[in-house]
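Here's the structure we're looking at; comments come further down.
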Amino acid sequence: MATPVVMSALKCLLIPVLCLLTHPNGISHVAAAVAPPTQPHILFIVADDLGWNDVGWHGSEIRTPHLDELAKSGVILDHSYVQPICSPTRSSIMSGKFVSHTGIQSLISATKPCGLPTNITTIAQQLKGLGYDTHAIGKWHQGYCKEEYTPSKRGFDTFYGYYTGAEEYFTHLRSDTVDSKRWTALDFHYDHGDEYTNVMDMNGTYSAVPPEYPDKYPNIKDKNRKTFAGMVSALDEAVGNVTDAWKKRGLFNNSVIIFTTDNGGLVHAGGNNYPLRGQKFTLWEGGTRGVAFVSGPLLNKTGYVYPGLVHAVDWYPTLVELAGGAVQDLDIDGFPMWSHFSNNVTSPRTSFPYLIDNETKTFAIRVGAWKLMIGVKNNSWYPPPPESTVDFTDNDHNFDEELANTAKPKKPIVHLFNVDDDPTEHNDLAKSQPEQLATMMKHLEDMKHPYVPDLCGPLPRTSKADTDMHGGVYTHGWC
């Protein structure tokens with residue numbers, strides 16, 4: 001049923017993660033409804049490195065008409081939070097748990113023997129237990145060094161995509177270096193149950209995007225921004241292709257579409273988060289406040305911006321709630337949010353940790369309007385490149401030297417912001433609000449427990465991952 005959709009979406013491989021969660025009997029229930037009368041089809045899309053200022057509904061110069069239509073006809077999530085890098089966000093979605101409760105505080109490297117712990121029941125496994133067919137397309141990045149980490153062993157009926165964190169979208173090649181040995185190999189797979197197929201037919205010679213997409217932006221002179229804009233346009237087109245296919249096959253009227261980024265945009269790769277401060281890899285709002293929406297005919301209220309707090313861990317119970325599962329029995333950190341989105345009801349979430357990392361002594365938490373950060377690297381505000389500038393660097397914008405310095409200070413600096421009043425994090429209140437700071441410090445101590453140490457960051461890279469020992473492909477069997 002979903003195979004034609006899968007193939008039409010993947011010709012350009014520009015949706016880094018596309019999860020098709022369909023109920024086998026759902027196709028008989030195609031009448032429009034105001035609330036899910038039966039288990040709905042779920043299309044969950046995670047865009048890679050898409051910044052706050054990279055979508056049309058935020059006023060970007062990048063045009064995203066298909067995403068804009070879905071967002072504006074659904075519910076735009078104005079305060080949807082993710083982790084500052086990809087593996088941790090994806091682990092939060094898959095597990096429903098904060099990263100300090102799973103041990104995925106940092107990147108799952110292609111050359112490190114780690115992954116999302118196998119004792120965690122993933123959202124795909126949970127939905128399988130509720131009768132769903134589950135399919136994943138695109139980027140996995142939850143570990144692959146052993147078979148048990150791979151998607152088809154984590155609840156997905158099929159997987160079509162790449163295991164690691166980055167690859168060329170059309171050649172499907174990536175490179176790594178360990179102990180001065182460098183290799184370049186294929187990372188592209190079709191997994192179905194116990195069958196693992198390395199997909200060897202590469203789609204063309206483009207590394208990022210065919211030229212007709214960036215050519216849509218003649219006024220953008222910065223090369224990285226122009227290429228990035230083209231990639232976002234291609235992603236937008238692919239989302240339109242998928243949703244059109246669902247409509248033609250009678251799936252759309254009983255479907256829920258969820259779209260989110262996995263972290264903020266990376267400025268020097270062309271992404272942008274302005275006017276928010278910071279970018280990918282940082283705990284500032286530009287790295288963690290993500291673009292997101294919920295769409296589909298099953299929402300009771302539509303066409304509005306939801307103001308409540310949402311975190312990546314909340315998607316797990318929300319999907320279980322949609323599927324009719326017993327949310328109260330889940331051992332997770334998330335809140336079921338469907339009824340809140342659908343009816344514009346106040347969010348049950350009032351707090352969350354951006355990051356609790358005892359190993360690096362880096363901490364950031366949110367409680368109500370207040371945000372506390374300790375030991376966080378400094379970062380600045382990055383307007384999009386001027387149209388007249390070819391090369392975009394910090395120096396082009398004459399940022400204040402202190403703000404442009406991203407080196408971690410020797411002595412942990414404490415920051416306190418009221419992000420409701422100051423969403424761009426210009427006014428540090430740590431010195432002027434000592435009582436509020438003390439309160440936030442107490443909240444931090446509470447959030448530090450329980451704690452699972454970082455499972456991947458401290459590990460050394462290993463030559464066991466060398467693809468020359470595994471048939472010239474990135475595959476499991478080396479840990």
- Thiol sulfurs of C114 and C145 closer than 2.5 Å: no
- Hey, are the side chains of N418 and L429 touching, using non-hydrogen atoms and a 4.5 Å cut-off? yes
- CG (N344) and CG (L299) are apart, to the nearest 0.5 Å, by 11.0 Å
- Item | N-O pairing of K371 and D428 below 4.0 Å | no
- Item | Full working for side-chain contact (heavy atoms from CB on, under 4.5 Å) between V46 and I93 | CA-CA 10 Å; V46 181; I93 294 169; 4.1 Å; yes
- From CD1 (I356) to CG (D454), nearest 0.5 Å: 13.5 Å
- N273 side chain to W52 main-chain N or O, any donor-acceptor pair under 3.5 Å? yes
- Taking N224 for the side chain and H268 for the main chain, is one N or O donor matched with an acceptor at less than 3.5 Å? yes
- Note on the structure: Nearest heavy-atom approach of S73 to T302 is O-CB, 3.3 Å
- Query: Salt bridge between K139 and E167, side-chain N to carboxylate O under 4.0 Å?
  - Reply: no
- Cation over ring, R277 on Y382, under 6.0 Å and within 45°? no
- With a 4.5 Å heavy-atom cut-off, do I220 and E61 have their side chains touching? yes
- Backbone N or O of G472 within a donor-acceptor pair of the T467 side chain at under 3.5 Å? no
- Message: Donor-acceptor pair, distance only, cut-off 3.5 Å: does the side chain of D357 make one with the backbone of Q105?
- Response: no
- State, yes or no, whether a side-chain contact exists between T122 and L116 at a heavy-atom distance under 4.5 Å. yes
- Query: Side chains of D236 and S233: donor-acceptor distance under 3.5 Å anywhere?
  - Reply: no
- Message: I'd like to check the side chain to side chain donor-acceptor pair (under 3.5 Å) partners of T89; sequence neighbours left out, ordered by chain and number.
- Response: none
- Message: Run the salt bridge (charged side-chain N to carboxylate O under 4.0 Å, His left out) test on D54 and R225 for me, step by step, so that the C-alpha distance in whole Å, both residues' side-chain angles and the decisive distance to 0.1 Å come before the verdict.
- Response: CA-CA 10 Å; D54 295 333; R225 182 66 172 167; 2.6 Å; yes
- Apply side-chain contact (heavy atoms from CB on, under 4.5 Å) to C86 and L107, showing your working. CA-CA 7 Å; C86 32; L107 195 72; 3.9 Å; yes
- Do any N or O atoms from the side chain of R289 and from the backbone of D78 form a donor-acceptor pair under 3.5 angstrom? yes
- Note on the structure: CG (L459) and OG (S106) are apart, to the nearest 0.5 Å, by 8.5 Å
- Query: Do H135 and T158 meet the criterion of a side-chain donor-acceptor pair at a distance under 3.5 Å?
  - Reply: yes
- Is there a donor-acceptor pair closer than 3.5 Å between any side-chain N or O of N198 and the backbone N or O of H189? no
- Message: Would you compute the distance between atom CG of L309 and atom NE2 of H340 and round it to the nearest 0.5 angstrom?
- Response: 12.5 Å
- Query: For the ring pair H311 and Y81, is the centre-to-centre distance below 6.0 Å?
  - Reply: no
- Sub-6.0 Å ring centroid separation between W140 and Y162: no
- Could you tell me whether F417 and W284 have their ring centroids closer than 6.0 angstrom? yes
- Task: Consider only side-chain N and O atoms of H66 and D68, and report whether a donor and an acceptor are under 3.5 Å apart.
- Result: no
- Query: Is T462 close to K112 at the side-chain level, that is, under 4.5 Å between some pair of heavy atoms?
  - Reply: no
- Can you check whether K377 reaches T282 side chain to side chain, under 4.5 Å on heavy atoms? no
- Compare every heavy atom of L276 with every heavy atom of P423, then report the nearest pair and how far apart it is. O-CD2, 3.7 Å
- Task: Measure centre to centre between the rings of W183 and H470, then say whether the value is under 6.0 Å.
- Result: no
- Query: Which pair of heavy atoms, one from D191 and one from T197, lies closest together, and at what distance?
  - Reply: OD1-N, 4.1 Å
- Query: Hey, do the aromatic rings of F259 and F293 have their centres closer than 6.0 Å?
  - Reply: yes
- Query: For H58 and S60, does a side-chain donor sit closer than 3.5 Å to a side-chain acceptor?
  - Reply: no
- Do you know which two heavy atoms are closest between A110 and Y474, and how far apart they sit? CB-CE2, 4.2 Å
- Message: Please report whether the ring centroid of Y306 lies less than 6.0 Å from that of F341.
- Response: yes
- Less than 6.0 Å separating the ring centroids of H476 and Y196? yes
- From I123 CD1 over to I42 CD1, what is the distance, rounded to the nearest 0.5 angstrom? 7.5 Å
- Message: Using the ring centroid of each side chain, check whether Y160 and F188 are separated by less than 6.0 Å.
- Response: yes
- Worked verdict on V294 versus V256 for side-chain contact (heavy atoms from CB on, under 4.5 Å): CA-CA 7 Å; V294 179; V256 173; 4.1 Å; yes
- Item | Side-chain donor or acceptor of S347 paired with backbone N/O of G308 under 3.5 Å | no
- Do I365 and F352 have side chains that get closer than 4.5 Å, going by heavy atoms? no
- Task: Return the minimal non-hydrogen interatomic distance between G155 and T134, and the atom names on each side.
- Result: O-OG1, 2.6 Å
- Item | Residues K97, D333: salt bridge by 4.0 Å N-O rule | no
- Are V232 and T64 side-chain neighbours, meaning at least one heavy-atom pair lies under 4.5 Å? yes
- If we only count heavy atoms from C-beta on, is the W338 to L298 side-chain gap below 4.5 Å? yes
- Distance-only side-chain donor-acceptor flag, E285 / Y354, under 3.5 Å: yes
- Note on the structure: Taken to the nearest 0.5 Å, the spacing of Q83 CD from L283 CG works out to 8.0 Å
- Query: Going through the distances and angles, do T150 and Y163 end up as a side-chain contact (heavy atoms from CB on, under 4.5 Å)?
  - Reply: CA-CA 8 Å; T150 60; Y163 290 150; 4.1 Å; yes
- Query: Of all heavy-atom pairs between K301 and Y304, which one has the smallest distance, and what is that distance?
  - Reply: O-CE2, 3.6 Å
- Message: Under a plain distance cut-off of 3.5 Å, with no hydrogens placed, do E237 and Y213 share a side-chain donor-acceptor pair?
- Response: yes
- Write out all pairs satisfying salt bridge (charged side-chain N to carboxylate O under 4.0 Å, His left out) with one or both partners inside residues 172-186, taking only residues at least two apart or from two chains. R174-D176, K181-D466, K181-D468
- Task: Verify, without hydrogens or angle tests, whether S109 (side chain) and T111 (backbone) share a donor-acceptor contact under 3.5 angstrom.
- Result: yes
- Query: Is it true that R366 and D420 have a side-chain N and a carboxylate O under 4.0 angstrom from each other?
  - Reply: yes
- Paired with D48, the side chain to side chain donor-acceptor pair (under 3.5 Å) test is passed by just one of R90, H141, K280, namely R90
- For K248, look at atom NZ and say whether over 12 heavy atoms of other residues, nucleotides or ligands are found less than 6.0 Å away. no
- Task: Would you confirm whether W315, through its side chain, and S92, through its main-chain N or O, come within 3.5 Å as a donor-acceptor pair?
- Result: no
- Message: Looking at S255 and H41, would you say the former's side chain and the latter's main chain have a donor-acceptor pair under 3.5 Å?
- Response: no
